[in-house]
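Residue numbers start from 1 in every chain, and the chains themselves are labelled A, B, ... in the order their sequence lines are given, proteins ahead of strands.
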2 protein chains.
Amino acid sequence: MHPYEEIRTEILRRINSQAWPAGFALPHEEKLAEEFGVARGTIRRALSPLVDAGLIERRRRAGTRVVGRKAHSSTLTIPVVRHEIERGGHAYGYKLLRSSLGDDARDDQGLFAGAPLRHIVSLHLSDGRPYQLEDRLVNLEAIPEARDADFSTVSPNEWLIARVPYSSVRTILRAEMPGTNDSKYLKLQRDEPVFVIERQTRLDGNILTLVRMAHPAHGFQMITATDDFQ
Amino acid sequence: MHPYEEIRTEILRRINSQAWPAGFALPHEEKLAEEFGVARGTIRRALSPLVDAGLIERRRRAGTRVVGRKAHSSTLTIPVVRHEIERGGHAYGYKLLRSSLGDDARDDQGLFAGAPLRHIVSLHLSDGRPYQLEDRLVNLEAIPEARDADFSTVSPNEWLIARVPYSSVRTILRAEMPGTNDSKYLKLQRDEPVFVIERQTRLDGNILTLVRMAHPAHGFQMITATDDFQ
DNA sequence: AAGTGGTCTAGACCACTAG
DNA sequence: TAGTGGTCTAGACCACTTT
């Protein structure tokens with residue numbers, strides 16, 4: 001255990017034990033450096049994840065204070081669907097259901113500002129059972145290669161992630177009563193809802209793609225955990 | 001814009017433009033420091049969030065490589081229910097439905113290893129409409145004060161978060177057909193599903209509390225976004 | 001105006017692991 | 001065993017913001 005880890009743990013302990021309650025002003029960096037017998041940089045390193053996690057707040061001249069906890073933050077990871085299925089030891093299957101350009105690909109929410117679009121509907125299967133219905137709009141102005149891409153064997157999900165390695169993403173999670181397409185393709189049980197993941201992907205402010213991914217609720221869940229400090 | 005930010009942006013640009021494609025070995029720290037005319041520490045600072053985000057991988061002696069993107073990670077924040085409702089400009093309401101000790105508080109999943117428990121069922125309202133049904137087990141061995149706490153005016157959610165400022169959390173998200181209690185208290189429309197958040201809270205490996213929070217699907221969603229580097 | 005956190009440097013030594 | 005990343009130091013200067 002490195003000094004910065006020990007110091008972080010100790011400070012975490014003081015916060016959790018209420019020895020340093022919400023609102024408490026921590027000693028400033030030089031004092032802490034002196035107390036723990038390290039350089040100031042090591043103190044900064046110990047504190048920095050606590051700032052990111054929202055446990056403490058720092059302001060120049062004002063110092064560092066313990067923040068009353070208001071929320072739990074955790075990291076949600078959404079993998080490529082094929083990897084998710086294969087990691088669970090299941091056989092992955094994929095079927096392109098529909099692909100169209102132009103008027104069929106409508107920008108209902110006005111997000112794409114009139115850009116030409118491609119609309120792809122596809123189905124991901126796990127051991128032959130419907131796992132996810134993917135309904136996607138791709139901005140052909142931002143990704144012109146998508147016009148002629150062949151999505152009959154590679155899903156747009158994987159094709160895009162390979163092409164746009166990094167981008168900013170907004171994800172919305174919902175429970176929904178199934179729509180017509182959901183019922184048609186997902187082989188839902190009677191009254192079974194769908195778990196919907198909706199995602200906007202942007203690069204430099206331009207929206208690249210909008211996707212709705214619907215899962216049969218039965219047997220599907222998303223798991224997320226805090227990155228433990230301990 | 002500080003040097004470390006400019007360097008990070010430039011490296012991000014090289015990765016996204018495929019100038020540095022997946023598998024590419026980056027120059028080592030001293031070379032980069034030389035190229036950008038900064039100290040080695042500044043290069044480390046520029047790269048470190050890219051490591052956290054999983055864009056690059058670093059190994060001693062082996063160097064630094066660009067990783068093919070496999071998943072989208074984003075941060076999911078679950079606030080105290082009251083804050084969430086009030087931030088939306090709605091009136092918060094709370095009602096304790098049931099509170100019991102002993103046999104009524106059963107540890108169905110065997111998570112609490114026989115510890116004494118308190119079982120609390122409560123309802124959170126937004127503008128008088130049911131918003132969330134909270135069904136919670138609290139470990140009285142870990143938090144003995146919870147035995148006599150009064151949950152008729154303060155929800156266990158808030159009471160606990162004030163008492164245990166930091167802890168590790170595992171969250172599971174699901175869409176479900178409503179159970180008996182859900183239908184009874186959430187005033188669901190016909191065939192309306194519920195969005196369920198299930199959460200285990202731990203401290204130093206001991207499970208403190210297990211909670212199931214059910215929301216009427218209609219009008220409820222969770223939003224999460226990547227922390228943009230730009 | 002002064003005190004606090006934020007950035008950066010130049011250097012040292014250590015820990016791991018690929019070759 | 002040599003090369004790379006990981007940690008730490010002691011110091012400097014800067015930026016912000018409270019008093």
Side-chain angles (χ1 to χ4, degrees), chain A residues 1-15 20-69 166 227-230, chain B residues 1-15 20-69 166 227-230:
Chain A
M1 190 111 124
H2 294 284
Y4 79 91
E5 292 174 300
E6 296 194 24
I7 294 167
R8 185 181 299 161
T9 302
E10 170 59 17
I11 287 176
L12 216 43
R13 195 196 60 74
R14 293 182 189 177
I15 294 175
W20 289 357
F24 179 84
L26 272 66
H28 57 251
E29 294 183 341
E30 296 212 46
K31 282 273 178 219
L32 288 171
E34 197 183 320
E35 177 193 339
F36 288 103
V38 296
R40 193 183 146 214
T42 304
I43 295 295
R44 290 189 61 74
R45 172 149 203 197
L47 294 184
S48 125
L50 307 184
V51 175
D52 294 342
L55 261 86
I56 57 176
E57 262 178 6
R58 324 195 71 190
R59 280 206 316 280
R60 283 161 162 132
R61 167 83 203 202
T64 304
R65 291 186 173 276
V66 177
V67 176
R69 191 139 204 230
Y166 182 74
D227 328 302
D228 274 338
F229 286 109
Q230 321 292 348
Chain B
M1 190 112 124
H2 290 110
Y4 79 90
E5 292 173 299
E6 296 195 25
I7 294 167
R8 185 182 299 161
T9 302
E10 170 58 17
I11 288 176
L12 216 43
R13 195 196 60 72
R14 293 182 189 178
I15 294 175
W20 288 357
F24 179 84
L26 272 66
H28 57 249
E29 293 184 342
E30 296 213 45
K31 282 272 178 217
L32 287 170
E34 196 182 321
E35 177 193 338
F36 289 103
V38 296
R40 192 182 146 214
T42 304
I43 295 295
R44 291 189 59 75
R45 172 149 203 196
L47 295 184
S48 124
L50 306 185
V51 175
D52 294 342
L55 262 86
I56 56 176
E57 262 178 6
R58 324 194 72 190
R59 281 206 312 282
R60 285 163 161 128
R61 168 83 203 203
T64 304
R65 290 185 173 276
V66 177
V67 176
R69 193 139 205 230
Y166 182 74
D227 328 302
D228 273 339
F229 286 108
Q230 320 292 348

Engineer: Heavy atoms only: give me the nearest Ile11(B)-Trp20(B) pair and the separation to one decimal.
Structural biologist: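 Looking at all heavy atoms of both residues, the shortest contact is CG2-CZ3, 3.9 Å.
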Engineer: Can you tell me how far C1' of dG6(C) sits from CD of Glu57(A), to the nearest Å?
Structural biologist: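 In whole Å, dG6(C) C1' and Glu57(A) CD are 16 Å from each other.
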Engineer: Would you find more than 12 non-hydrogen atoms of other residues, nucleotides or ligands less than 6.0 Å from Glu6(A) atom CD?
Structural biologist: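 Yes, CD of Glu6(A) has more than 12 neighbouring heavy atoms, counting only those of other groups under 6.0 Å.
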Engineer: Rounded to whole angstroms, how far apart are CD1 on Ile43(A) and P on dG6(C)?
Structural biologist: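 For the pair Ile43(A) CD1 and dG6(C) P, the rounded distance is 14 Å.
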Engineer: Got a list of side-chain donor-acceptor pairs under 3.5 Å for residues 35-47 of chain A, not counting sequence neighbours?
Structural biologist:
| residue | atom | partner | partner atom | Å |
| --- | --- | --- | --- | --- |
| Glu35(A) | OE2 | Arg14(A) | NH1 | 3.3 |
| Glu35(A) | OE2 | Arg14(A) | NH2 | 2.7 |
| Arg40(A) | NE | Glu29(A) | OE1 | 2.5 |
| Arg40(A) | NH2 | Glu29(A) | OE1 | 3.0 |
| Arg44(A) | NH1 | Glu29(A) | OE2 | 2.6 |

Engineer: Out of dA10(C), dT9(D), dT7(D), which nucleotide sits closest to the side chain of Ala39(B)?
Structural biologist: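 Closest nucleotide among those given: dA10(C).
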Engineer: OP1 or OP2 of dT7(C) sitting under 4.0 Å from any side-chain N/O of Thr42(B)?
Structural biologist: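 Checking dT7(C) against Thr42(B), no side-chain N or O comes under 4.0 Å of OP1 or OP2.
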Engineer: Measure all distances between protein nitrogen or oxygen atoms and nitrogen or oxygen atoms of nucleotides 3-5 of chain D, and list the pairs falling under 3.5 Å.
Structural biologist:
| residue | atom | partner | partner atom | Å |
| --- | --- | --- | --- | --- |
| dG3(D) | O4' | Arg61(B) | NH1 | 3.2 |
| dT4(D) | O2 | Arg61(B) | N | 3.1 |
| dG5(D) | OP1 | Thr64(B) | OG1 | 3.2 |
| dG5(D) | OP2 | Glu29(B) | N | 3.1 |
| dG5(D) | N2 | Arg60(B) | NE | 3.3 |
| dG5(D) | N2 | Arg60(B) | NH2 | 3.4 |

Engineer: Nearest 0.5 Å, please: how far is CZ in Arg8(B) from NE2 in His2(B)?
Structural biologist: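 His2(B) NE2 to Arg8(B) CZ: 12.0 Å, rounded to 0.5 Å.
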Engineer: Nearest whole angstrom, please: distance from the C1' of dC8(C) to the CZ of Arg45(A).
Structural biologist: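 Whole-Å distance recorded here is 16 Å.
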Engineer: Please assess Val51(B) against Thr64(B) for the test side-chain contact (heavy atoms from CB on, under 4.5 Å), listing each intermediate value before the final yes or no.
Structural biologist: CA-CA 10 Å; Val51(B) 175; Thr64(B) 304; over 6 Å; no
Engineer: Check whether more than 12 heavy atoms from other residues, nucleotides or ligands sit under 6.0 Å from atom CD of Glu34(A), and answer yes or no.
Structural biologist: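 Open: at most 12 neighbouring heavy atoms sit under 6.0 Å from CD of Glu34(A).
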Engineer: Looking at side-chain heavy atoms only, is the closest gap between Ile15(B) and Ile56(B) below 4.5 Å?
Structural biologist: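 The answer is yes; the side chains approach within 4.5 Å.
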Engineer: How long is the line joining CG of Leu32(A) and C1' of dG3(C), in whole Å?
Structural biologist: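 It is 16 Å, rounded to the nearest whole Å.
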Engineer: Take Arg13(A) and Glu10(A), measure what salt bridge (Lys or Arg N to Asp or Glu O under 4.0 Å) needs, and give me the verdict at the end.
Structural biologist: CA-CA 5 Å; Arg13(A) 195 196 60 74; Glu10(A) 170 59 17; 3.0 Å; yes
Engineer: For the pair made of CZ in Phe36(A) and C1' in dC8(D), what is the distance, rounded to whole Å?
Structural biologist: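 That distance rounds to 16 Å.
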Engineer: Pairs counted as Watson-Crick or G-U wobble with both distances under 3.5 Å: what dot-bracket string results for DNA chain C, using | for bases tied to another strand?
Structural biologist: ||||||||||||||||||.
Engineer: Is the distance from OP1 or OP2 of dT7(C) to the nearest side-chain N or O of Tyr4(B) less than 4.0 Å?
Structural biologist: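 For dT7(C), OP1/OP2 do have a side-chain N/O of Tyr4(B) under 4.0 Å.
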